[in-house]
Number of protein chains: 2
Amino acid sequence: MSQPVFVLVRPQMGENIGGAARAMWNFGLDRMRLVAPRDGWPNQRAVALASGAGRLLDEAVLAEDTAGALEDCTFVFATTARARGLTKPVVTPERAMEMAREKIAAGERVAVLFGPERAGLENDDIAKANAIINVPVNPEFASLNLAQCVLLTAYEWRRGAVDVEPERMEMAGADWASQVEIEKLADHYEGRLEEAGFFFPETKAEGMKLVLRNFWSRMAMTRSDVQMLHGILRQMVRWKERGD
Amino acid sequence: MSQPVFVLVRPQMGENIGGAARAMWNFGLDRMRLVAPRDGWPNQRAVALASGAGRLLDEAVLAEDTAGALEDCTFVFATTARARGLTKPVVTPERAMEMAREKIAAGERVAVLFGPERAGLENDDIAKANAIINVPVNPEFASLNLAQCVLLTAYEWRRGAVDVEPERMEMAGADWASQVEIEKLADHYEGRLEEAGFFFPETKAEGMKLVLRNFWSRMAMTRSDVQMLHGILRQMVRWKERGD
């Protein structure tokens with residue numbers, strides 16, 4: 001993979017999916033994934049609006065949920081106007097695409113999440129991301145639509161792709177955990193901690209779970225980190241069961 | 001004048017004029033001029049599409065021809081996909097807006113010409129410009145529309161004009177854990193995991209402890225992350241002690 005994947009999460013209007021495809025292909029990006037498009041798939045309005053970029057729609061990978069669309073990805077950006085209190089690095093499109101180039105050069109698989117037109121990404125989606133992309137719009141007037149947000153991000157990809165030499169990364173060659181591995185780790189902890197009575201009181205349980213999921217996805221973890229964390233939890237359960 | 005004027009030359013669809021106004025105001029630009037809009041002026045479709053940026057349309061200066069719109073300008077850019085054999089400097093949007101900032105700071109009045117949707121600027125218009133802006137699109141697929149071209153140019157104006165931090169952490173009251181807090185966390189886990197029999201076999205115990213300590217210190221953790229991790233461990237111990 002030599003370019004980031006753009007993931008449209010629960011897009012509503014076919015027109016905007018087509019517009020996003022055009023925006024991507026204008027800047028040489030052609031890997032699109034779609035999470036649960038509202039009006040089903042394929043979508044004739046999307047095809048009509050994509051005109052010369054229809055191939056992106058034919059090749060788009062469909063997923064049922066955001067986790068499914070990110071399974072093989074090791075680094076995920078979420079585009080959102082507000083970080084909503086989740087602790088994440090917030091970067092400009094410029095810095096994000098610079099990071100994407102560095103990570104891709106180091107063998108990582110990078111995705112960018114774009115939310116539905118009206119409401120944007122939900123906290124559950126954002127919690128899966130490693131960093132947030134925030135376009136530096138006029139604070140008095142922020143009205144970027146989906147295709148425009150895709151356009152600016154794709155533009156930054158191409159603008160930097162030409163002359164920027166990928167930095168040497170510390171830990172280059174590390175075997176980074178994939179999104180599905182992080183997801184399994186989060187599930188493992190959430191399940192056991194539920195049994196253990198960690199999520200208490202019940203009124204705070206959902207918030208605590210979100211914070212914990214956000215924590216796992218924010219960390220840059222290798223596969224062996226993830227194995228170690230599974231091992232820690234399994235051993236605590238064994239200890240409990242031994243009852244010594 | 002502290003910003004460039006954007007001049008829409010013979011725009012056809014009111015929707016696109018409204019879209020261009022929104023694109024400008026997203027990045028803090030509000031000086032629009034219009035040369036002979038096809039459907040007359042004012043235009044209700046433009047107003048409907050401009051939504052929150054309607055003020056730009058109210059204040060837009062109307063001109064009969066391109067020369068009329070440029071009367072007070074000292075430096076003019078023309079946006080076009082092809083230079084069509086005219087000898088002009090051709091610059092990227094980034095470089096153009098950098099030049100615009102320098103010239104405006106030196107007291108010049110700068111304009112950017114955008115052509116009609118279908119055909120783009122005519123040679124007569126381009127001949128009035130000092131330089132050409134060329135967006136570095138995919139040579140296999142160049143399909144930027146008027147509002148998108150305005151958007152990218154306005155974005156470059158703001159990107160260079162506003163001092164945006166390349167990367168900031170969204171912390172909202174949380175702060176980073178100190179070394180001593182990380183150390184205590186590492187001790188807590190090491191101690192309990194020792195009791196739980198995690199460091200096994202004994203020949204590997206030292207290595208496992210080192211890996212675990214390295215893991216904690218590598219993570220960028222807030223104090224509330226650290227509290228959560230202490231809480232997880234304490235709860236696992238409580239669960240064990242309850243013996244249910």
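Quantities reported herein were computed from a predicted structural model and do not represent experimental measurements. Reminder, nothing fancy here: chain letters follow the sequence lines and each chain counts from 1.
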Does atom CZ of A/R45 have more than 12 heavy-atom neighbours from other groups under 6.0 Å away? no
Paired with B/M99, the side-chain contact (heavy atoms from CB on, under 4.5 Å) test is passed by just one of B/I133, B/V91, B/I104, namely B/V91
Largest heavy-atom contact set with chain A, pairs under 4.5 Å, which of B/L151, B/T92, B/L29, B/N214: B/L151
At under 4.5 Å between heavy atoms, what parts of residues 135-145 of chain B are in contact with chain A? List them by residue number. B/V135, B/P136, B/V137, B/N138, B/P139, B/E140, B/F141, B/A142, B/S143, B/L144, B/N145
Find the one option among B/A196, B/A154, B/A23, B/A53 whose heavy-atom pairs under 4.5 Å with chain A are most numerous. B/A196
Does A/K204 qualify as a cation-pi partner of A/F199, given the criterion of NZ or CZ under 6.0 Å from the six-membered ring centre and within 45 degrees of its axis? no
Side chain from CB out, backbone as N, CA, C, O: work out which of these in A/R192 comes under 4.5 Å of a heavy atom of chain B, or both, or neither. both
Heavy-atom pairs under 4.5 Å with chain B are the metric here; pick the option from A/S224, A/G28, A/A131, A/S51 that has the most. A/G28
Would you call the rings of A/Y155 and B/Y155 parallel, tilted or perpendicular if under 30° counts as parallel and over 60° as perpendicular? perpendicular
Tell me, out of B/R238, B/E156, B/M208, who's got the most heavy-atom pairs with chain A below 4.5 Å. B/E156
For B/F27, which atoms come within 4.5 Å of any heavy atom of chain A: side chain, backbone, both, or neither? both
Can we call the ring centroids of B/W239 and A/F198 under 6.0 Å apart? no
Would you call B/E241 and A/K240 a salt bridge, using N to O less than 4.0 angstrom? no
Chain B contact via A/I232 - which portion, at a heavy-atom distance below 4.5 Å: both
Flag the pair A/D124 and A/K209 as a salt bridge only when some basic side-chain nitrogen lies within less than 4.0 angstrom of an acidic carboxylate oxygen. no
Of A/L193, A/V237, A/D225, the largest count of non-hydrogen pairs under 4.5 angstrom with chain B goes to A/D225
Pair A/R101 + A/E98, salt bridge at N-O below 4.0 Å: no
So, does A/N130 use its side chain to make a donor-acceptor pair with the main chain of A/V76 at under 3.5 Å? yes
Can A/F75 and A/W176 be said to form a ring pair (Phe, Tyr, Trp, His ring centres under 6.0 Å), step by step? CA-CA 9 Å; A/F75 198 93; A/W176 296 109; 9.0 Å; no
A/L212, part contacting chain B, at a heavy-atom distance under 4.5 Å: both
